[in-house]
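What follows is a short report on a single structure.
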Amino acid sequence: MKKDIETRLIHSFFDRSKHHGSLAAPIYQTSTFVFDSAEQGEARFAGEEEGYVYSRLGNPTVRELEQKLADLEEGEEGIAFASGMGAVSAILMHLLKSGDHVLVSEGVYGCTYGFLELMQDKFKVDYDLFDMQTADAIEKMIRPESRVLYVETPINPTMKLVDLEMVIQTAEKHNLKVVVDNTFCSPYLQQPLTLGADFVVHSATKYISGHGDVIAGAAVGPSEDMQKIRMSVQKDVGAVLGPFDAWLLLRGLKTLSVRMDRHCENARFIFEKLKQHPKVNHIIYPGDPEFSGYKLAEKQMKDFGGLISFEIAGGKAKAQKFMNALEVVQRAVSLGDAESLIQHPASMTHAVVPAEERKKMGITDALVRLSVGLENKQDIWADIEAALHSTY
Ligand SMILES: CSC/C=C(/NCc1c(COP(=O)(O)O)cnc(C)c1O)C(=O)O
């Protein structure tokens, strides 16, 4: 009987009898693999014999991670990448060719926006960012050359949600592939493939790692596609993950469920406190019953996550003054770490997005994004409250 994700996060796939009974996955920190004979090398390169040839084309520690990621996302096959952008770019380069069109949720991570711009400028892959709240809104944007629907949910950094079931039904009707960036939830809170999405991508740098010490990416999808990606985009573009980083992610994944539960508990507490503060406007948190996406969050997420975006009364100057007064919460981009992190999207993660585009995404100069960490929640709140007090 299939074990719950909380158990599968911890247990391994590799055959311990072939690794001295090692409990933890061994690290194959090697760039290449020695052949018994020239003929064996030939057979392996020809794909006629199972076995490793070179770590850009596959590595046992990375493969252990990839198997686990596919299992956790309930997909057929996973590939690990050197960064989240490595995963995002590999999937989109696999699915799109010059002249195609991709429909994109109204907000995405800044560098994802940058990649879409690059694909449009250099390779004539057109894209439209728009509010995907209804099937009608999507169908209005579909063109004959549309191939892919790309969504983040919750969206970075506005925390808006996209209805995956509706998006996937609409995509199926129009023979479009659905790619979901599941970074903000991790497979513990949301599993888009089980709803019918075709691919999931992650910045594994975030919750999957959970310790702020790895840059990594992941993608999970159908084996046929993933094997093509291995032997084309990944092999020839080369955004591969190293074995030690893969090992750090395997280690981080073991505590993903307990970490996410704590992130969610702490975020709920901080939200309730922020809601009562007179100088905090426009809080966006999926667990807010007054949030437009609350019902959708309840439907498609196991819990409401560890991220809260909110506006500081007085705009950018006050937002920066507030951030500068924090001591427990760290001023840093990224998210999903043990440490609580805060950043100013307009001047940091989404600075690459032109002001008019940021406005459309709902990113104002007053907005800050808080990744609630694993610290004592009272300590986190005391830090935020003191910083708010010193801001006004
Ligand atoms: C310089 S800003 C720091 C990074 C942030 N985000 C990254 C990110 C990526 C890309 O993932 P990497 O390549 O692993 O950073 C992909 N998809 C999503 C939803 C992401 O949030 C950030 O702080 O919002």
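Counting starts at 1 for both ligands and their atoms, in listed order.
- Judged by the shortest distance from any of its heavy atoms, G110 lies outside the 4.0 Å radius around the atoms of ligand 1.
- The protein atom (non-hydrogen) at minimum distance from atom 14 (O) of ligand 1 is T205 OG1, 2.6 Å.
- D128 has a carboxylate O that lies under 4.0 Å from a charged side-chain N of R143, or vice versa, which qualifies the two as a salt bridge.
- For atom 21 (O) of ligand 1, the nearest non-hydrogen atom of the protein is N156 ND2, 3.0 Å.
- For C111, the closest heavy-atom approach to ligand 1 does not fall below 4.0 Å.
- With salt bridges taken as basic N to acidic carboxylate O contacts below 4.0 Å, none links R262 and E375.
- When hydrogens are left out, the protein atom nearest atom 12 (P) of ligand 1 is G84 N, 3.4 Å; that is the closest non-hydrogen contact.
- Applying the 4.0 Å criterion to heavy atoms of S83 picks out, from ligand 1, the atoms 13 (O), 14 (O).
- Here is the list of ligand 1 atoms found below 4.0 Å of a heavy atom in T183: 17 (N), 18 (C), 19 (C).
- Around atom 3 (C) of ligand 1, the closest heavy atom drawn from D181, I215, L335, V333 belongs to V333.
- Side chains of E165 and Q300: no donor on one and acceptor on the other come within 3.5 Å.
- Ring centroids of Y294 and F304 are separated by less than 6.0 Å, placing the two rings close together.
- Ion pairing of R230 with E66 is present here, as a side-chain N (NZ or NE/NH1/NH2) and a carboxylate O approach within less than 4.0 Å.
- Of the options V104, V353, L118, a side-chain contact (heavy atoms from CB on, under 4.5 Å) to Y113 is made by V353 and by none of the others.
- For atom 15 (O) of ligand 1, the nearest protein heavy atom (residue, atom name, distance) is K206 NZ, 3.6 Å.
- Using 4.0 Å as the threshold, H202 has no heavy atom nearer than that to any atom of ligand 1.
- Which parts of ligand 1 touch E152 is read off a 4.0 Å heavy-atom cut-off, strictly below it: atoms 19 (C).
- Checked against the 6.0 Å centroid criterion, the rings of H202 and Y207 do not qualify as a close aromatic pair.
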Derivation of the side-chain hydrogen bond (donor to acceptor under 3.5 Å, both in side chains) call for Q320 and H344
CA-CA 8 Å; Q320 289 179 323; H344 181 251; 4.9 Å; no
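- The closest protein non-hydrogen atom to atom 2 (S) of ligand 1 is Y109 OH, 3.2 Å.
- Under 3.5 Å, the side chains of T364 and E311 contain a donor-acceptor pair of N or O atoms.
- At a heavy-atom distance under 4.0 Å, no atom of A204 approaches ligand 1.
- Heavy-atom separations between R369 and ligand 1 include at least one value shorter than 4.0 Å.
- Numbered from 1 in the order shown, with element, the atoms of ligand 1 that lie under 4.0 Å from a heavy atom of T349 read 2 (S), 22 (C), 23 (O), 24 (O).
- With no hydrogens or angles considered, no side-chain donor-acceptor pair links Q330 and S340 at under 3.5 Å.
- Applying the 4.0 Å criterion to heavy atoms of A216 picks out, from ligand 1, the atoms 14 (O).
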